[in-house]
Q: 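I'd like to ask some things about the structure below.
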Amino acid sequence: MASINDLLAGKGRHLITTSPQATVYSAAVLMNERKIGSVLVMDEGRLVGILTERDIMVRVVAEQRDANLTSVEEAMTRDVICCRPHTDLEEAKSVMKHRRVRHLPVMAEDGSVVGLISIGDLNAYQVDY
């Protein structure tokens with residue numbers, strides 16, 4: 001059975017990150033430029049949250065907050081659901097479905113972030129293999 005490691009071997013492990021102090025506007029511009037739906041929020045090399053398109057819609061747009069004045073820390077999801085490199089792809093897909101998330105950071109045993117997968121990555125991998 002294929003694992004997250006197999007998916008990352010083809011996709012790559014490059015991480016797009018931002019800091020908690022960045023503005024939601026700057027994070028949204030980064031997400032738009034990279035054509036991605038989330039950024040990892042890192043503080044001193046440690047994962048402290050994830051900012052997703054949904055976070056921006058719910059915590060900034062719907063509340064009519066100014067994205068230039070709202071910090072990523074104010075809008076991000078703090079309780080980040082993660083997986084491990086050895087996690088089976090079907091298990092990751094099940095977690096995403098049942099927890100209603102579209103992105104899973106991949107954490108090594110030492111707590112470092114070694115990748116990020118999306119539901120789109122899982123679907124594309126399954127179509128290709």
Side-chain angles (χ1 to χ4, degrees):
M1 186 63 76
S3 70
I4 297 298
N5 257 337
D6 298 321
L7 188 153
L8 290 176
K11 174 190 181 212
R13 296 174 182 265
H14 184 71
L15 300 174
I16 308 298
T17 66
T18 191
S19 75
Q21 297 78 30
T23 66
V24 169
Y25 177 79
S26 66
V29 168
L30 177 63
M31 291 164 63
N32 189 48
E33 288 172 350
R34 300 294 184 114
K35 297 180 177 21
I36 55 176
S38 70
V39 290
L40 298 176
V41 185
M42 306 290 287
D43 192 17
E44 297 181 13
R46 187 175 62 90
L47 180 68
V48 294
I50 188 169
L51 182 71
T52 67
E53 295 166 319
R54 179 171 288 151
D55 292 331
I56 294 169
M57 292 299 294
V58 170
R59 297 189 185 113
V60 181
V61 176
E63 293 181 6
Q64 297 182 349
R65 297 175 75 176
D66 186 335
N68 281 306
L69 300 177
T70 305
S71 71
V72 166
E73 187 171 33
E74 295 173 79
M76 71 184 187
T77 296
R78 294 174 188 275
D79 183 22
V80 183
I81 300 162
C82 300
C83 64
R84 300 274 186 203
H86 62 271
T87 301
D88 176 89
L89 293 184
E90 286 302 318
E91 181 182 347
K93 198 169 191 175
S94 177
V95 166
M96 289 175 149
K97 177 182 175 185
H98 291 96
R99 299 294 299 268
R100 299 181 51 91
V101 296
R102 295 183 215 151
H103 304 91
L104 288 177
V106 183
M107 304 289 283
E109 295 299 324
D110 66 3
S112 63
V113 183
V114 297
L116 176 70
I117 63 163
S118 70
I119 192 67
D121 296 331
L122 284 171
N123 291 337
Y125 184 87
Q126 290 180 324
V127 166
D128 290 342
Y129 296 94

Q: Looking at CG of L40 and CG of L47, how far apart are the two atoms once the value is rounded to the nearest 0.5 Å?
A: 6.0 Å

Q: How many angstroms lie between atom CZ of R65 and atom CZ of R59, to the nearest 0.5 angstrom?
A: 10.0 Å

Q: Could you tell me which non-hydrogen atom of I117 sits nearest to which non-hydrogen atom of A92, and how far apart they are?
A: CD1-CB, 4.3 Å

Q: When you measure from the side chain of D55 to the backbone of T52, do you find a donor-acceptor pair of N or O atoms at a distance under 3.5 Å?
A: yes

Q: Could you pull out all donor-acceptor pairs under 3.5 Å where a side-chain atom in residues 1-12 meets a protein atom, sequence neighbours excluded?
A:
from, atom 1, to, atom 2, distance (Å)
S3, OG, N5, N, 3.3
S3, OG, D6, OD2, 3.4
N5, OD1, R13, NH2, 2.7
D6, OD2, S3, N, 2.8
K11, NZ, L116, O, 2.4
K11, NZ, D121, OD2, 3.1

Q: Rounded to the nearest 0.5 Å, what separation is found between the CD atom of E53 and the CG atom of N32?
A: 9.5 Å

Q: Can you tell me how far the SG atom of C83 sits from the CG atom of L89, to the nearest 0.5 Å?
A: 9.0 Å

Q: Could you pull out all donor-acceptor pairs under 3.5 Å where a side-chain atom in residues 101-113 meets a protein atom, sequence neighbours excluded?
A:
from, atom 1, to, atom 2, distance (Å)
D110, OD1, S112, N, 2.9
D110, OD1, S112, OG, 2.6

Q: Hey, what else clusters with V41 if you join Ile, Leu, Val, Met, Phe, Trp, Tyr whenever side-chain heavy atoms sit under 4.5 Å?
A: I16, V24, L30, M31, I36, V39, V48, L51, I56, M57, V60, V61, V72, M76

Q: Just by modelled atom types, is the E90 backbone N or O under 3.5 Å from a matching donor or acceptor in the S94 side chain?
A: no

Q: Grouping I, L, V, M, F, W and Y whenever their side-chain heavy atoms are under 4.5 Å apart, do I50 and I119 come out in a common cluster?
A: no

Q: Which heavy atom of S118 sits nearest to which heavy atom of M96, and what is that distance?
A: C-CE, 3.7 Å

Q: If I take atom CZ from residue R54 and atom CZ from residue R100, how far apart are they, to the nearest 0.5 angstrom?
A: 6.5 Å

Q: Compare every heavy atom of R78 with every heavy atom of E73, then report the nearest pair and how far apart it is.
A: O-NH2, 3.2 Å

